[in-house]
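Presented below is the structure to which this report refers.
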Protein chains: 2
Amino acid sequence: MTDTGTLPTATTTTSTRRLRTGQLRTGIAADRDSGSVMSADELAGDLHGVAERRLRRVDQRYTSGRRAIVELLVSARHPVSISDIAEHLPDLPRSSAYRHLTDLQAAGLIRRVAASDEFTRFELAEDLTEHHHHLLCVNCGKVTDVTPPAGFEHQVAGAVSDLAAAQGFQPQSHRLDILGLCADCHER
Amino acid sequence: MTDTGTLPTATTTTSTRRLRTGQLRTGIAADRDSGSVMSADELAGDLHGVAERRLRRVDQRYTSGRRAIVELLVSARHPVSISDIAEHLPDLPRSSAYRHLTDLQAAGLIRRVAASDEFTRFELAEDLTEHHHHLLCVNCGKVTDVTPPAGFEHQVAGAVSDLAAAQGFQPQSHRLDILGLCADCHER
DNA sequence: TGTAGTCTGAGACTGAGTCTCAGTGCAAGC
DNA sequence: GCTTGCACTGAGACTCAGTCTCAGACTACA
Ligand SMILES: [Mn+2]
Ligand SMILES: [Mn+2]
Ligand SMILES: [Zn+2]
Ligand SMILES: [Zn+2]
């Protein structure tokens, strides 16, 4: 009932390798769009540098617990719930996990994802991955990422501006959720 | 902090006038689209008939408590929270209000709206109003309805089908939320 | 080293939302 | 009108995701 799909087993990579602190770009994803395919490792490497800097900006450290959560979000192929975290990081107390999630969000590294069930999910911030949307299964709660074509996103961006402007509303971002039945729940 | 905007004072209309049970159409909104403007009263009148029938379909009655909530949702110009209900229907116990909300949703009369804060809101089901989206203020939590032009909705519907099909996902509905600052929170 | 500030685990706490239960209301049939 | 079966209701206990507190541990930096 609370099956959120498979998740790669938590890689206990304790490699403390640290990258040279290049220019802080607002978006690793730019590299992807420009054609160069980053491996999971390269992305993760760069990501940890960004994470450390963004945390430091708010006088926070990139500790092992926080890093473990970030690595879990990187390796997961979909937004993760608190129970996913508990399952894959059993030695991380819940209170710490929740606090880390709050802190990581405050540092702009992760964001909350509202699913169709009662459980909040978390994923890397969009400027660390790429803008995308979600398929929400109304039966099992599973959340799947989907990336619409750029042309569609331009349409959406335009409509969002128009709708917001008409109400004196200052838009910051949008989210498009598609509700329905996932493949598993469908064939039943 | 939890100010959700103004709401018309709860009309204690106890008129038990009941409409002839015309054909049950799947969508009062059709009347609107076809040009005829329904007054709030006409809409409400028709609506109560639909409400009664849909509840009866699941062996439930359209009682005064449930009707009071429906009327509040009709008169409100935006999705209402449980505290809105408590404020405008002070004699309705919370446990009953929650139960009514659950029952009304099960009967397909209302739907939940996820805001940017922790509080769930409720509004009439889309086939009783019209398909629309929401502006979510990330500062005060206010939720405002917005209706995009039909052309845009067609674009969205097409993209939704494509995205879902690629994943074996069976789409039922979608929601587009625009996050940002409302007019009040903006000028600050 | 010393010190100031951050981090952490344990567990108490909060509060939106659910559940239980005993009593009440409501319709349909006799 | 009375009976009988359900649905409805209020009160309050309960659940549990998420937050807060606090004392001790850790880190950065001088
Ligand atoms: Mn989008
Ligand atoms: Mn839409
Ligand atoms: Zn599913
Ligand atoms: Zn606001």
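All heavy atoms count here, side chains included; hydrogens, waters and symmetry mates do not. Lettering follows sequence order; numbering is per chain, from 1.
The CG atom of B:Asp59 sits 17 Å away from the C1' atom of C:dG25 (whole-angstrom rounding). Rounded to an integer number of Å, the gap from A:Arg99 CZ to D:dA17 P is 18 Å. The CD1 atom of B:Ile85 sits 13 Å away from the P atom of C:dA16 (whole-angstrom rounding). Atom CG in A:Leu89 sits about 15 Å away from atom C1' in C:dT8, given to the nearest Å. In this structure, CD1 of A:Ile69 is placed 13 Å from C1' of C:dC7, rounded to the nearest angstrom. Atom P of nucleotide C:dC7 and atom CZ of A:Arg56 are separated by 12 Å, given to the nearest angstrom. The nearest whole Å value for the distance from the CG atom in B:Leu92 to the P atom in C:dG17 is 15 Å. Remark: P of D:dT19 and CG of B:Asp117 are 13 Å apart, rounded to the nearest angstrom.
Distances were taken from every side-chain heavy atom of B:Arg61 (C-beta onward) to each of D:dG10, D:dC8, D:dC26; the shortest belongs to D:dC8. Among C:dT6, D:dG12, C:dA16, the nucleotide with an atom closest to any side-chain atom of B:Phe119 is C:dA16. Here the nucleotide nearest the side chain of B:Tyr98, chosen from C:dA16, D:dC8, C:dC19, is C:dA16. The side chain of B:Arg66 approaches D:dC8 more closely than any other nucleotide in the set D:dC20, C:dT18, D:dC8. Listed candidates were D:dC22, D:dC8, C:dC7. Nearest to the side chain of B:Gln60 is D:dC8.
For the residue pair B:Gln105 / B:Arg112, a side-chain donor-acceptor distance below 3.5 Å is found, with atom types taken as modelled. Neither side chain, B:His88 nor B:Glu71, offers a donor N or O lying under 3.5 Å from an acceptor on the other.
At least one side-chain nitrogen or oxygen of B:Thr120 sits closer than 4.0 Å to the OP1 or OP2 atom of C:dG17. Dashed line: the shortest gap from a side-chain N or O of B:His100 to OP1 or OP2 of D:dC8 is not under 4.0 Å. Between B:Ser96 and the phosphate of D:dG10, there is a side-chain N or O to OP1/OP2 separation shorter than 4.0 Å. A close approach under 4.0 Å does occur between a side-chain nitrogen or oxygen of B:Thr63 and OP1 or OP2 of D:dT9.
The minimum heavy-atom distance between B:Leu73 and B:Phe122, with the atom names listed, is CD2-O, 3.8 Å.
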Next item on the list: Start with the C-alpha gap between A:Arg54 and A:Asp127, add the side-chain angles, then the distance that decides, and say whether salt bridge (charged side-chain N to carboxylate O under 4.0 Å, His left out) holds.
Entry: CA-CA 12 Å; A:Arg54 289 197 189 172; A:Asp127 65 347; 2.9 Å; yes
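Using modelled atom types, no side-chain atom of B:His186 and backbone atom of B:Cys182 make a donor-acceptor pair closer than 3.5 Å.
Between the base of C:dG15 and the side chain of B:Arg94 there is no donor-acceptor pair shorter than 3.5 Å.
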